[in-house]
Amino acid sequence: MPETGGILDKQQERTPVQVFPKATVLHRFIAKSLDVLIVLGVGELTPPYGFWVALWYVLVADGFAGRSIGKRLIGLQTWAPELRAPAGFKDSIIRNVPLAAGYVIFQVPYVGWLGTVAILGIEALLIIGNAHGLRIGDELAHTQVVDETIFDVESQT
């Protein structure tokens, strides 16, 4: 067998990726709306540090056992199918970079909201149109949001 630099060995070590059922779109929008309210509230109530605390929350919110506050209240969880485990902080930061960029752009006076609306619109269209509900951040971090009422997360760990 020719030398492949270990590429084939690494591919064989990976667990096959399972396809999980798509989380309910309405539940995802409600959960994200709750998280947005938290971010906007923290950002406005505690200046000048509120911006940084809110930005931190946007990035790491899904790192707490795969659940932001909004996801926890609605019954959703961010799942890393390749690891067969809830998303961690690294996954959360990677998957939420587009949303964090939208939050930063939102701070630009007069026109920043246009960029934020564009980013959120694209992400929303991907959640609706993608067969598994994956948005750009999910594709980057190899994660998927699952509905705990439909998908038994505990049996997968």
Side-chain angles (χ1 to χ4, degrees), residues 14 17-153 156-157:
R14 295 180 79 175
V17 178
Q18 260 184 306
V19 177
F20 298 127
K22 181 178 180 177
T24 309
V25 174
L26 178 62
H27 289 173
R28 287 190 69 178
F29 283 123
I30 292 171
K32 187 52 73 182
S33 297
L34 293 171
D35 288 332
V36 167
L37 288 174
I38 292 168
V39 167
L40 293 177
V42 168
E44 292 298 318
L45 292 176
T46 57
Y49 303 110
F51 167 78
W52 297 107
V53 174
L55 182 62
W56 172 83
Y57 179 76
V58 168
L59 288 170
V60 302
D62 296 327
F64 299 99
R67 297 181 182 108
S68 65
I69 293 172
K71 283 185 180 70
R72 193 171 298 273
L73 291 172
I74 301 301
L76 301 176
Q77 185 173 27
T78 305
W79 191 256
E82 290 179 356
L83 303 175
R84 294 183 180 214
F89 289 104
K90 178 183 172 187
D91 301 318
S92 178
I93 291 169
I94 293 170
R95 79 181 295 271
N96 289 318
V97 163
L99 300 178
Y103 181 65
V104 170
I105 292 170
F106 185 71
Q107 307 304 314
V108 176
Y110 305 113
V111 295
W113 65 274
L114 288 171
T116 301
V117 167
I119 290 171
L120 293 178
I122 291 168
E123 294 283 300
L125 288 174
L126 288 173
I127 289 171
I128 294 168
N130 187 290
H132 302 293
L134 303 179
R135 56 183 184 83
I136 295 170
D138 290 317
E139 294 285 354
L140 293 172
H142 305 290
T143 58
Q144 182 179 353
V145 176
V146 295
D147 195 331
E148 294 175 337
T149 59
I150 297 171
F151 175 69
D152 185 17
V153 174
Q156 296 296 315
T157 55

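Note that the coordinates shown come from a computational prediction; the quantities given were computed from them, not determined experimentally.
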*Does the side-chain contact (heavy atoms from CB on, under 4.5 Å) test come out yes or no for Val97 and Leu140, once each step is laid out?*
CA-CA 9 Å; Val97 163; Leu140 293 172; 5.7 Å; no

*Residue pair Leu99, Leu120: steps toward the side-chain contact (heavy atoms from CB on, under 4.5 Å) verdict*: CA-CA 7 Å; Leu99 300 178; Leu120 293 178; 3.7 Å; yes

*Which distance, rounded to the nearest 0.5 Å, do you find between the CG of Leu126 and the NE2 of His132?*
13.5 Å

*Close side-chain approach of Val145 and Arg95, heavy atoms under 4.5 Å*: yes

*According to the interplanar angle, ranging from 0 to 90°, do the rings of Phe64 and Trp56 count as parallel (below 30°), tilted (30 to 60°) or perpendicular (above 60°)?*
perpendicular

*asked:* Can a donor-acceptor pair be found, under 3.5 Å and without considering hydrogens, that links the side chain of Lys22 to the backbone of Asn130?
replied: yes

*Can you tell which of Arg72, Arg28, Arg67, Lys71 makes a salt bridge (charged side-chain N to carboxylate O under 4.0 Å, His left out) with Asp62?*
Lys71

*asked:* Determine whether a donor-acceptor pair (N or O, by modelled atom type, separation under 3.5 Å) exists between the side chain of Glu123 and the backbone of Pro98.
replied: no

*If you draw a 6.0 Å radius around CZ in Phe106, do more than 12 non-hydrogen atoms from other residues or ligands fall strictly inside?*
no

*Check the pair Leu34, Ile69 against side-chain contact (heavy atoms from CB on, under 4.5 Å), reporting the backbone distance first and the verdict last.*
CA-CA 8 Å; Leu34 293 171; Ile69 293 172; over 6 Å; no

*Measuring from Ile105:CD1 to Ile119:CD1, what's the distance to the nearest 0.5 Å?*
4.0 Å

*Please confirm whether the backbone N or O of Ser92 pairs with a side-chain atom of Asn96, one donor and one acceptor, at under 3.5 Å?*
yes

*State the CD1-CZ distance between Ile127 and Arg135, to the nearest 0.5 angstrom.*
6.0 Å

*Would you name the heavy atoms of Ala31 and Leu76 that are closest together and state the gap between them?*
CB-CD1, 4.0 Å

*Please check if atom CD in Glu44 has more than 12 non-hydrogen atoms from other residues, nucleotides or ligands closer than 6.0 Å.*
no

*Inter-residue atom distance Ile30.CD1 - Asp35.CG, 0.5 Å rounding*: 12.5 Å

*State whether the side chain of Thr116 and the backbone N or O of Gly102 hold a donor-acceptor pair below 3.5 Å, judged by distance alone.*
yes

*Thr143 and Asp91: side chain donor to acceptor below 3.5 Å*: no

*Nearest heavy-atom pair of Gln144 and Phe20: which atoms, and what distance?*
NE2-O, 3.0 Å

_To check you understand the geometry: which heavy-atom pair defines the closest contact between Tyr103 and Ala54, and what is its length?_
OH-CB, 3.3 Å

*After noting the C-alpha distance and the side-chain angles of Leu59 and Phe89, does the key distance pass the side-chain contact (heavy atoms from CB on, under 4.5 Å) rule?*
CA-CA 8 Å; Leu59 288 170; Phe89 289 104; over 6 Å; no

*For Gln77 and Ala65, indicate whether the former's side chain and the latter's backbone hold a donor-acceptor pair under 3.5 Å.*
yes

*Between OG1 of Thr78 and CG of Asp138, what distance do you get to the nearest 0.5 Å?*
7.0 Å

*Supply the atom-to-atom distance Lys32 NZ to His27 NE2, rounded to the nearest 0.5 angstrom.*
16.0 Å

